[in-house]
Amino acid sequence: MASTRDTAQRLIRSLPRVALHNIKSVQPKTRKKVRRSFAKGKTHGRGHKGQGQHMTLPRLGFEGGNTPFYLMIPKEPYYQNHHLRRQYPPLTMLSLQRFIDLGRVDTSIPIDLTQLCNTGLFNVNIDRKHFGVNLTEEGADIFAAKINLEVQWTTELVIAAVERNGGTVTTRYYDPKSLRALIDPLHFFKRSTAIPRCRLPPQDALEYYSSASNRGYLAKEEDIEVERQRLAQKYGYVLPDLHADPGSTMLKMRKDPGQLFYGLEPGWVVNLKDRLVLKPKSPEHLEFYAS
Amino acid sequence: MQRMTSVCRRLSSQVWSSLTMQTIAPNLSAFAASSSTTCKVRQKSTDAAEPKEEAQTTQQFSGHIPVEELEFSYSRSSGPGGQNVNKVSTKVEVRFHVPSASWIPQDIKSKLIELEHNRVTKEGYLVLTSDKTRKQMLNQADVMDKLRSIVFKAAAKPRGLTDQEIQLRDKRLAKSKEETLREKRQRSMKKQSRGSPSVGSV
């Protein structure tokens, strides 16, 4: 992707020379209109004598000395900045096990947010500042499925419970635009727009998703392997060997940090009607979507 | 996370950090670095490095416990909890035969049995239990933590004195001895001076 600086330089080279005839002020200067009314003469709307006419009125909200209304009422900031915080609606391991047992989720393919939303029993609402699924610990003891799982938030116990059964977990961040496509891929493909490239997590989430102990998607593989062994020692289970597993190819499948869907790259356009996948060929497009 | 720290507070952070990759995973096989371009489905091909049969070093306990050599059994916990505590097996018991354990250095086995004689059976099985939390997995982690700290305690060598400490000790002993002798001499002279003076003394 061309940097801002390159874009700016290209613009400067191509645009005409700056002159008085092709520039405009940012905010047009408007003269404050002087209000002159024939009717409002003599006291000019101020009344007679007093603070009103003498320009000594007290501040707004003053009630003559008693504690004013705006100080009397206490602050109850229970939901302060609530609208700015990321939310991860919870899904228990018990629910996930139930989905698997009832066949609502296919364990032979990687399970990510799309699979969970396709069940119809788990909903993510982007307008409510939802950023994905939070897999909780309830039911970790009885969890007995071998899956390749991708969630947005989870804890150590959950990771141990999944890995104990021979599965793998990854925590992965999706920005709201990518998340919208992920939740309802069919609706997204019907719009026939290019698959977006997933953005990196914001500053406060970067540490979480780069940490191997959280199985973050930005963490190194070697660190994750060490953490797997450490967790097996901590919780006292024999770590199943992923290499020896016949389903290991599926278990090792991971999306690239910029990739949204398995098997599809950013920049591709899916045409459902004609059952085609259109891929960009120009080097600028490829550079943009690969960066 | 608060719950986990309360369960596994016995081991210090130093000990946990000392459980390096070598000690935790002696049989780790290396992943071959995938050379795929961006956005392809990554399939990690593994260098099938044979798992090395690392000889168990009997010199020092590294912190690694082979879980397959331990026997876990589960039962119902005690205490309040209604239907949940009555039905769910959350209590964890671990046992293993201490004299035949290959992962504990030979010289600390006797020390271990001596320290934990309350928990060792006649046959030599060390038995540990935990029903601290509501979850079996957390109780199992608690029991592992207990076991690890017990073995570390048994392996701890008594701290010997450094040269400086020996020097200081000897210096102080010599000084106190000197002081004692000085007091004895003074006392002796005091007693002697109480007698009547003899002819010839000044």
Side-chain angles (χ1 to χ4, degrees), chain A residues 93 110 137-143 155-158 160-161 164 168 195 197-198 213 220-239 241-244 248-268 286 289-291, chain B residues 1 3-4 7-8 11 16-17 19-34 36-49 51 63-70 72 74 88-90 92 94 130 133-145 147-148:
Chain A
M93 288 199 92
E137 298 165 359
E138 176 80 38
D141 286 342
I142 57 156
F143 194 77
T155 52
E156 192 186 63
L157 185 66
V158 169
R164 188 169 72 145
T168 57
I195 294 170
R197 190 168 177 279
C198 298
S213 53
K220 290 183 194 161
E221 287 168 29
E222 315 88 63
D223 296 343
I224 288 177
E225 187 54 44
V226 172
E227 283 298 322
R228 276 166 59 82
Q229 299 282 353
R230 187 178 289 209
L231 218 60
Q233 275 292 292
K234 183 171 180 179
Y235 286 89
Y237 57 87
V238 179
L239 189 65
D241 191 11
L242 283 182
H243 308 304
S248 62
T249 344
M250 189 280 291
L251 290 172
K252 287 174 202 163
M253 272 169 75
R254 298 279 183 278
K255 291 180 201 170
D256 252 40
Q259 192 181 7
L260 189 51
F261 300 110
Y262 286 107
L264 296 172
E265 290 181 27
W268 292 3
L286 291 171
Y289 284 113
S291 62
Chain B
M1 283 304 108
R3 191 169 48 210
M4 264 329 294
V7 163
C8 293
L11 286 180
W16 269 113
S17 59
L19 294 176
T20 57
M21 198 155 152
Q22 295 312 113
T23 55
I24 295 168
N27 301 334
L28 191 62
S29 56
F31 278 128
S34 64
S36 59
T37 56
T38 54
C39 310
K40 274 198 188 148
V41 161
R42 279 202 286 185
Q43 295 188 9
K44 298 171 197 156
S45 60
T46 58
D47 251 338
H64 180 259
I65 301 173
V67 179
E68 54 273 6
E69 292 183 28
L70 303 175
F72 288 99
Y74 309 105
V88 182
S89 301
T90 47
V92 176
V94 72
S130 171
T133 70
R134 289 164 57 96
K135 285 205 156 55
Q136 191 194 80
M137 280 185 78
L138 289 176
N139 289 340
Q140 190 148 333
D142 187 30
V143 133
M144 289 293 293
D145 186 48
L147 178 58
R148 202 170 277 117

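So you know, we letter chains A, B, ... as the sequences are listed, proteins then strands, and number each from 1.
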Please report the interatomic distance [atom1]([X]) to [atom2]([Y]), rounded to the nearest 0.5 Å.
| X | Y | atom1 | atom2 | value |
| --- | --- | --- | --- | --- |
| A/Glu156 | B/Met137 | CD | CE | 9.5 Å |
| B/Arg134 | A/Asp141 | CZ | CG | 10.5 Å |
| A/Lys234 | B/Leu138 | NZ | CG | 9.0 Å |

Inset, instruction - Tell me, please, which residues at least two apart from A/Ser248 pass side chain to side chain contact (heavy atoms under 4.5 Å, CB included). - result: A/Asp245, A/Lys252

Legend entry - Test side chain to side chain contact (heavy atoms under 4.5 Å, CB included) applied to B/Val67 - qualifying residues, sequence neighbours left out: A/Gln233, A/Val238, B/Phe72, B/Met144

Legend entry - Proximity breakdown for A/Arg228 and chain B, heavy-atom pairs closer than 4.5 Å: neither

